[in-house]
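Only this structure's heavy atoms are used, side chains among them; waters, hydrogens and symmetry mates stay out. Protein chains get the first letters and strands the later ones, always in sequence-line order, with residue 1 at the start of each.
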Amino acid sequence: MTLFRLGYVAMSVNLQDASPSQTMTYKKFKQLLDQEAAVRKLERIAKSNIHNCLRLLKHNKAHEINFFRLSSRLVPLATHEDLKEWDYLSAIKDDLMELGSFSKVNGMRLDFHPDHFVVLNAPRKEVFKTSLKVLKYHYLLLQYMGIDPTHRCVFHLGGRYQDKEKSIERFIDNWSLVPQGIQKMVMIENDDTSYTLENCLYVCEKLNIPLVFDIHHHLANHNEESWEMHWERVVNTWSHSPLPVKMHISSPKSNDEFKSHADFIDVDLFLDFVKKTNGSIEQIDCMIEAKKKDGALFKLVEELREHPNIVMQTESSFTWKE
DNA sequence: CAGCGTCAAGTCACA
DNA sequence: TGTGACTTGACGCTG
């Protein structure tokens with residue numbers, strides 16, 4: 001029997017004024033005459049973002065939600081070239097530790113998903129270097145939160161550059177240039193335009209990286225293959241991980257905008273996944289990527305409760321009984 | 001207070 | 001060749 005645990009992404013539609021990704025653009029930053037004061041302002045924003053994350057975790061605790069993706073935009077301009085000298089970690093280390101401690105005390109799984117600027121298979125050295133910088137930023141945040149960075153950061157294989165095979169091999173070549181600590185931190189997710197589940201499995205198995213299965217991306221980009229035939233391989237990429245298997249669930253907005261995320265989750269699609277994977281491993285953490293965030297999670301739970309085969313274990317986790 | 005243009009970064013699709 | 005979409009939007013000016 002498998003325990004399915006639900007999580008959501010970055011922000012809440014229920015908790016007001018709790019943005020974890022307030023920001024200041026570089027342009028705005030440069031416009032401020034007193035650069036010293038501008039840096040202090042960045043630090044105030046970062047502290048507010050982290051504080052709002054803590055509020056989100058408390059909100060999650062109240063609803064027995066123990067799985068959550070942190071915003072990658074906690075510290076605005078943290079990886080900007082012009083702010084290399086800025087020691088942002090000193091300014092926010094207490095806040096990070098408080099956040100990390102709260103998550104640990106309450107047994108919460110936290111992770112990151114940096115956005116599309118992380119491209120490890122880029123032919124351009126500059127792009128690769130920027131990607132490493134962004135990954136290092138995530139690594140340091142985890143470290144300062146007191147969280148073991150192992151398998152906490154998910155991203156995609158990268159671009160196609162007109163030649164998928166070559167670009168996959170470039171990822172593997174570039175991998176040896178990635179510091180070991182960061183290598184251990186990452187997971188790879190199949191994407192909706194370039195790299196299918198099978199492509200990602202090839203790389204994950206070769207480099208010993210856990211694969212995060214995204215069922216919505218798979219439906220958009222699968223090369224006539226079913227995910228079911230690959231599921232055991234997916235599970236195996238997690239055999240050396242301290243964390244449970246993780247997957248992403250979202251639903252198409254519409255047929256015309258298939259790749260866009262809908263507000264809520266299609267319960268039937270999810271139940272199909274649950275039924276088929278039940279028993280394959282002890283636990284699967286399912287990250288809900290829907291526009292309505294925790295609102296979508298709550299709605300999904302409501303619908304799951306109606307189902308005769310679903311047994312709720314907490315407010316956000318359940319098992320399937322035959 | 002709503003609406004909308006703008007904002008660090010990369011790649012791809014589509015005009 | 002240029003623009004929008006991708007997505008974790010958010011800010012700040014305008015009417």
> Distance between the C1' atoms of C/dG12 and B/dA9, in whole angstroms?
Replying inline: 22 Å

> Considering residues, nucleotides and ligands other than A/K259, do more than 12 of their heavy atoms fall under 6.0 Å from its NZ?
Replying inline: yes

> To the nearest angstrom, how far is A/R124 atom CZ from B/dA9 atom P?
Replying inline: 11 Å

> What's the CG-P distance between A/L135 and B/dA9, to the nearest Å?
Replying inline: 18 Å

> Of A/H217, A/R69, A/H216, which meets side-chain hydrogen bond (donor to acceptor under 3.5 Å, both in side chains) against A/H248?
Replying inline: A/R69

> Which part of the nucleic acid, if any, lies within reach of A/R160 when heavy atoms closer than 4.0 Å are counted: base, sugar-phosphate only, or nothing?
Replying inline: sugar-phosphate

> Whole-Å distance between C/dT7 P and A/F258 CZ?
Replying inline: 13 Å

> Considering only B/dT11, B/dA8, C/dT8, which nucleotide approaches the side chain of A/V119 most closely?
Replying inline: B/dT11

>> Taking the six-membered ring for Trp, are A/F298 and A/H63 closer than 6.0 Å centroid to centroid?
In response: yes

> When you look at NZ of A/K292, are more than 12 heavy atoms from neighbouring residues, nucleotides or ligands closer to it than 6.0 Å?
Replying inline: no

> In which ranges does DNA chain B form stems of 3 or more consecutive Watson-Crick or G-U pairs, distances under 3.5 Å?
Replying inline: B:1-7 with C:9-15, B:10-15 with C:1-6

> Rounded to whole angstroms, how far apart are CZ on A/F155 and P on B/dT11?
Replying inline: 14 Å

> Do other residues, nucleotides or ligands put more than 12 heavy atoms under 6.0 Å from the CD atom of A/Q162?
Replying inline: no

> Taking DNA chain B as the partner, which of residues 12-33 of chain A come within under 4.0 angstrom of it by heavy atom?
Replying inline: A/T25, A/Y26, A/K27

> When the C1' atoms of B/dC7 and C/dT7 are considered, how many whole Å apart are they?
Replying inline: 14 Å

> Do A/W86 and A/H80 have ring centres separated by under 6.0 Å?
Replying inline: no

> Without hydrogens or angle criteria, can the side chains of A/R55 and A/N52 be said to hold a donor-acceptor pair below 3.5 Å?
Replying inline: yes

>> Once you measure the plane-to-plane angle for A/F112 and A/H138, does it fall in the parallel (<30°), tilted (30-60°) or perpendicular (>60°) bin?
In response: perpendicular

> For A/R73 and C/dA10, what is the distance between atoms CZ and C1' respectively, to the nearest whole Å?
Replying inline: 8 Å

> Distance between the P atoms of C/dG4 and B/dC4, in whole angstroms?
Replying inline: 15 Å

> What interatomic distance, in whole Å, is found between P of B/dA2 and the corresponding atom of C/dT8?
Replying inline: 25 Å

>> Output the rounded distance in Å from CD1 (A/I45) to P (B/dC7).
In response: 17 Å

>> Work out how far the P atom of B/dG10 is from that of C/dA10, and round it to whole angstrom.
In response: 22 Å

>> When the C1' atoms of B/dG5 and C/dT3 are compared, how many Å lie between them, rounded to an integer?
In response: 15 Å

> So, are A/K61 and A/E64 salt-bridged, with charged N and O less than 4.0 Å apart?
Replying inline: no

>> Using whole Å, what does the distance between atom C1' of nucleotide B/dG10 and atom NZ of A/K133 come to?
In response: 15 Å

> Which residue lies toward the 5' end of DNA chain C, A/V9 or A/K41, if each is placed at its nearest nucleotide?
Replying inline: A/V9

> Rounded to whole angstrom units, what separation is found between the CZ atom of A/F112 and the C1' atom of C/dT7?
Replying inline: 17 Å

> Between A/H113 and A/H156, does a side chain to side chain contact (heavy atoms under 4.5 Å, CB included) hold up when you go through it step by step?
Replying inline: CA-CA 10 Å; A/H113 191 343; A/H156 302 282; 3.9 Å; yes

>> Heavy atoms from C-beta onward define the side chain here; which of B/dA8, B/dA9, B/dT11 lies closest to that of A/L77?
In response: B/dA8

> What does A/T79 touch in the nucleic acid at a heavy-atom separation under 4.0 angstrom: a base, only the sugar-phosphate, or nothing?
Replying inline: base

